[in-house]
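One structure below.
So you know, we letter chains A, B, ... as the sequences are listed, proteins then strands, and number each from 1.
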Protein chains: 2
Amino acid sequence: MENNQSCIRVFADKVQIDNCREMLQTNDKAFSQLSGLLALAGNEVRLKILFLLEEEKELCPCDLSDILGMSIPAVSQHLRKLKDKNVIEGRREGQTIFYSLRQEQLPLLQPFFKHIIINSKRVTI
Amino acid sequence: MENNQSCIRVFADKVQIDNCREMLQTNDKAFSQLSGLLALAGNEVRLKILFLLEEEKELCPCDLSDILGMSIPAVSQHLRKLKDKNVIEGRREGQTIFYSLRQEQLPLLQPFFKHIIINSKRVTI
DNA sequence: TTCTTATTTAAGCAAATGCTTAAATAAGTT
DNA sequence: AACTTATTTAAGCATTTGCTTAAATAAGAA
């Protein structure tokens with residue numbers, strides 16, 4: 001966008017716009033981090049993985065492959081993304097690696113879980 | 001994935017895996033809807049738009065273009081996605097269209113907002 | 001009507017995403 | 001050591017995403 005004054009309107013609230021710009025700048029890092037996390041959870045497979053880890057405490061790629069009905073490499077690549085952003089962590093036990101949610105990001109994820117659990121209870125009860 | 005029994009391990013908890021599968025199936029629609037919404041908010045520009053609408057009640061594409069420092073068509077296309085999934089709605093006033101958050105999806109969005117507001121307050125105070 | 005302004009839409013394109021298959025690691029067993 | 005199993009990594013590829021520019025709508029003003 002090389003033309004910076006795209007809007008020529010009269011009724012623009014200059015102060016409001018400046019305040020908003022400043023707010024965005026101030027919270028720049030928070031927006032970037034949060035949108036990054038939401039983008040991770042915005043993939044249906046990864047959202048399911050997160051939810052499964054919440055419910056089952058820990059699962060290995062093999063389990064997840066069985067549960068989700070998709071190939072191990074596909075699962076593994078999703079796990080990698082989650083691990084790279086510190087959402088999950090792995091613990092080795094022999095050949096098997098058990099993944100679990102990291103407490104760190106949990107407060108932000110809980111609201112989603114709650115939403116799904118409610119639906120689940122409605123159906124099962 | 002044509003090879004269905006990718007995992008040959010002995011220690012798989014058959015019951016656990018079946019329960020998980022069933023849970024996923026039961027909540028299939030919820031996962032799809034939720035991940036759809038999270039994917040929308042997972043884009044940094046759209047997350048900012050949602051937050052701005054929460055703070056300012058309503059804004060036109062022109063305002064958003066100024067605030068975000070990006071072209072009007074780019075903003076418009078983000079607004080369209082948000083509108084298509086019923087996250088925002090528009091109200092016409094002359095040539096201007098004011099967009100605002102729909103109450104419907106608000107409970108799910110609030111937790112994100114809270115997270116950003118906290119950071120904002122920490123910095124400004 | 002003609003002209004201006006606000007917004008949307010469409011076409012094009014580079015970059016990102018998410019799978020696939022095949023090969024590479026890593027640990028355990030024989 | 002050789003063999004099996006669990007997992008990761010890499011390369012390839014079709015699809016999606018998010019911008020750009022240019023054109024199309026929609027409403028108001030001259």
Sort me out a list of protein N/O and nucleotides 1-5 of chain C N/O pairs below 3.5 Å, or just none if empty.
unit_1	atom_1	unit_2	atom_2	d
C:dT5	O2	B:Gln95	OE1	2.3

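Using a 4.0 Å cut-off, some side-chain N or O of B:Arg80 falls inside it from OP1 or OP2 of C:dT9. Proximity of A:Asn43 to the phosphate of C:dT17: no side-chain N or O atom is located under 4.0 Å from OP1 or OP2.
Comparing B:Cys60 and A:Gly42, the nucleotide of DNA chain C nearest to each residue sits closer to the 5' end for B:Cys60.
Side-chain contact between B:Leu38 and B:Phe112 is present, with at least one heavy-atom pair separated by less than 4.5 Å.
Whole-Å rounding puts the B:Met70 CE to D:dT20 C1' distance at 11 Å. Between A:Glu44 atom CD and C:dG18 atom P the separation is 12 Å, expressed in whole Å. The separation between A:Arg91 atom CZ and D:dT7 atom P is 12 Å, rounded to whole Å. Nucleotide C:dT7 holds its P atom 11 Å from the CD atom of B:Glu93, rounded to whole Å. Atom C1' of nucleotide D:dT4 and atom CD1 of A:Ile72 are separated by 15 Å, given to the nearest angstrom. Between A:Leu79 atom CG and D:dT8 atom C1' there is a gap of 11 Å when expressed in whole angstrom units. In this structure, B:Leu68 atom CG and D:dG18 atom P are separated by 14 Å, rounded to whole Å. Counting to the nearest Å, the P atom of D:dT5 and the CG atom of A:Asp63 are 17 Å from each other.
For B:Arg92 (side chain) and B:Gly94 (main-chain N/O), a donor-acceptor pair under 3.5 Å exists by modelled atom type. Side-chain atoms of A:Arg21 do not come within 3.5 Å of backbone N or O of A:Met23 as any donor-acceptor pair. Judged purely by atom type and a 3.5 angstrom limit, B:Ser76 has no side-chain atom pairing as donor or acceptor with the backbone of B:Ile72. Side-chain atoms of A:Ser65 do not come within 3.5 Å of backbone N or O of A:Pro61 as any donor-acceptor pair. Within the 3.5 Å criterion, the main-chain N or O of B:Gln16 finds a donor-acceptor partner in the side chain of B:Asp13.
Distances were taken from every side-chain heavy atom of B:Gln77 (C-beta onward) to each of C:dT9, C:dT7, D:dT7; the shortest belongs to C:dT9. Comparing D:dA6, D:dT20, C:dG18 by their nearest atom to the side chain of B:Ser71 picks out D:dT20. Nearest to the side-chain atoms of A:Arg92 among the listed nucleotides C:dT9, C:dA26, D:dC19 stands C:dA26. Distances from the side chain of B:His78 to the nucleotides C:dC19, D:dT7, D:dC19 place D:dC19 closest. With C:dT20, C:dT7, D:dC19 as the choices, the nucleotide that has an atom nearest any side-chain atom of B:Val45 turns out to be D:dC19. Here the side chain of A:Pro73 is nearest to one of C:dA10, C:dT21, C:dT8, namely C:dT21. When each of D:dT21, D:dT9, D:dT8 is scored by its nearest atom to the side-chain atoms of A:Ile97, the top-ranked nucleotide is D:dT8.
Nearest heavy-atom pair across A:Arg9 and B:Cys62 is NH1-SG, 3.4 Å.
Partner of B:Glu89 under the side-chain contact (heavy atoms from CB on, under 4.5 Å) criterion, chosen from B:Arg102, B:Lys83, B:Glu58: B:Arg102.
Among the heavy atoms of the strands lying under 4.0 Å from B:Lys81 are primed sugar atoms or P, OP1, OP2 only; no base atom is included. A:Ser76 comes within contact range of at least one nucleobase, with a heavy-atom separation under 4.0 Å.
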